[in-house]
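Order of the sequence lines sets the chain letters (A, B, ...), proteins ahead of strands, with each chain counted from 1.
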Protein chains: 2
Amino acid sequence: MDLLNKKCIFGAIKMYFMFSLSEENYLKAIFHLQNSYKNGVSTNALAEEMQTKASSVTDMIKRLSEKSLVNYKKYQGVKLSEAGRAAAIEVIRKHRLWEVFLVEKLNFNWDEVHEVAEQLEHIKSEKLTAELDRFLGFPQRDPHGDPIPDSEGNFSVPNRVLLSELKMDETGICVGVKDSSTEFLQYLDKNNISLGATVKVKQKEDFDQSMLIEMNDNELMISNQISANLYIKTT
Amino acid sequence: MDLLNKKCIFGAIKMYFMFSLSEENYLKAIFHLQNSYKNGVSTNALAEEMQTKASSVTDMIKRLSEKSLVNYKKYQGVKLSEAGRAAAIEVIRKHRLWEVFLVEKLNFNWDEVHEVAEQLEHIKSEKLTAELDRFLGFPQRDPHGDPIPDSEGNFSVPNRVLLSELKMDETGICVGVKDSSTEFLQYLDKNNISLGATVKVKQKEDFDQSMLIEMNDNELMISNQISANLYIKTT
DNA sequence: TCCATTTTTTAGTCTTGTCTAAATATATTT
DNA sequence: AAATATATTTAGACAAGACTAAAAAATGGA
């Protein structure tokens, strides 16, 4: 119906193709899963991530492969091509910029932004993305501490460790969350844990890895499930 | 895939159903065409507006009718139901709010906003719309001078006439455009015609309705095609 | 190596929204 | 009122993206 801006990133030559909403979501999911599945994302893993059936995944992978967005050999799992990676990063860039917008300008809490950003990330307009970025002051991190790729797709992999890896008496600054589910974020809010705050490990229990932390003159006991989802920059 | 907020406006009881992108576009088109087709929008008119075929329109009308969004009898054209009208107005509200955002905050010119707003108008989030409205200061008009419905769907029908209806020596303030195509808006920019400016009809040619107008100490000859697409508030 | 289990793919179906071609209603002209 | 023209609807097909059920490939244990 609408044609919109049809271009495509391909090697050095810039051209954007237009991808469907579903294609973009698959690319994004593969991008995220590639961290855990270095030598090919499995069909089942992707089905799990996309909340769909393995057979549907196989269908889509074939389409993406046709378009050279992924490298795929039957039964071998799937990897993003350069073009696929670029497209995924572009979607992630938009997602995170919109999250910043929602939190900084529209009074959203960090646990409310995900759903809406999932929709906004598919809006196609280079100018929109560029101007939004400028409007927000070229932010480097989204509200959950994840890096925002620049217009070239470059982003710094943050230098951070999980709180669960800290030893007794070590300190650091809370810089991100691994799990950004509403439930986890609301737990953090309730317990006054926020990005930017300084943490100190006061005690650590060998048995279950639970720890007593200090944050803003406050002491708090947290389980491993919490500490293994908080990113820390050691000081 | 995503469920999102499923509610629906229905009479006094508020409930939002979720409509597809295509359904929303049809509802919007019917809403706009109802001005010219008071006793039912014809299939062909709708096909023209939607840039599609009459047979596709018939199919969609049936679906909308199933959902009680339109009143439809075969061969009789189509009218929005109360629910359909509410849904259309909600989409139009979002479209116009986003246009304001793009122009006021993101440096878009008024001739660049349409395509992007066509995408943004389909984002589903009551909170987003409400907060955007607040962020923009509850604007009453979009960049083309059209009224923005409030959260209840109410909007003031602007009290305005077409410039072509003014007689010799009458004056007014330019308050909107009827045609908001890129081409027309660029013509206006080029000739320094903008909303808010005062116009005076200096001469009017009976033969072809062309007129000489004065605007900001500037005289300009315009054809009827121009004057019949500019809204004026008489002073 | 062979069998059992798990993973992945294939085959066939469904829904949404579109299309073309053909059929039927309505409108217009004479 | 009949004939013609125009508008609208039906019928049948297709593509994207999902599903179920069944087949085929890969994996892991004995």
Pairwise 5' ranking along DNA chain D for S20(A) and A54(B), keeping only the more 5' one: A54(B)

Could you check how far NZ of K53(B) sits from P of dT20(C), rounded to whole Å? 5 Å

Which nucleotide wins on minimum distance to the side chain of S55(B), given the candidates dC19(D), dT9(D), dG17(D)? dT9(D)

Which pairs count as ring-ring contact (aromatic ring centres under 6.0 Å, His included) when at least one residue sits in residues 42-95 of chain B, sequence neighbours excluded? H95(B)-H114(B)

Quick one: Q76(A) CD to dT27(D) C1', roughly how many Å, whole number? 13 Å

Give the nucleotide from the list dT18(C), dA21(D), dG17(D) with an atom nearest to the side chain of T52(B). dT18(C)

Donor-acceptor contact below 3.5 Å, side chain E131(B) vs main chain N107(A): no

Taking only side-chain nitrogens and oxygens of K74(B), does any of them come within less than 4.0 Å of OP1 or OP2 of dT10(D)? yes

Shortest non-hydrogen contact from T129(A) to R93(A)? CG2-NE, 3.7 Å

Establish, with yes or no, whether the OP1 or OP2 oxygen of dA16(D) is under 4.0 angstrom from a side-chain nitrogen or oxygen of R63(A). no

Using whole Å, report how far CD1 of I61(A) lies from C1' of dT9(C). 11 Å

Which of these nucleotides, dT9(C), dC19(C), dT26(C), is closest to any side-chain atom of S56(B)? dC19(C)

Below 30° counts as parallel, above 60° as perpendicular, anything between as tilted: where do the rings of F135(A) and F101(B) land? perpendicular

Distance in angstrom units between K62(A) NZ and dA16(D) C1', rounded: 15 Å

What nucleotide, of dT10(D), dG17(D), dT24(C), holds the atom closest to the side chain of M60(A)? dG17(D)

Less than 4.0 Å between a side-chain N and a carboxylate O, is that true for K127(B) and E115(A)? no

Only one of E49(B), E23(B), E90(B), E118(B) forms a salt bridge (charged side-chain N to carboxylate O under 4.0 Å, His left out) with K28(B), so which one is it? E118(B)

Would you mind telling me which of dA25(C), dT9(C), dT10(D) lies closest to the side-chain atoms of Y72(A)? dT9(C)

Among residues 26-46 of chain B, which contact DNA chain C at a heavy-atom distance under 4.0 Å? Y26(B)

Between atom CZ in F19(A) and atom P in dA16(D), what is the gap in whole Å? 15 Å

Between dT10(D), dA18(D), dT18(C), which nucleotide gets closest to the side-chain atoms of D59(A)? dA18(D)

For the CD atom on Q209(A), are there more than 12 heavy atoms of other groups (residues, nucleotides or ligands in this structure) within a distance under 6.0 Å? yes

Interatomic distance, Y75(B) OH vs dA5(D) P [rounded to whole Å]: 19 Å

Atom CD of E66(B) and atom C1' of dG17(C): how far apart are they, to the nearest Å? 16 Å

Length of the CD-C1' vector between Q51(A) and dC19(D), whole Å: 15 Å

Considering just the side-chain nitrogens and oxygens of T58(B), establish if one lies under 4.0 Å of OP1 or OP2 belonging to dT10(D). no

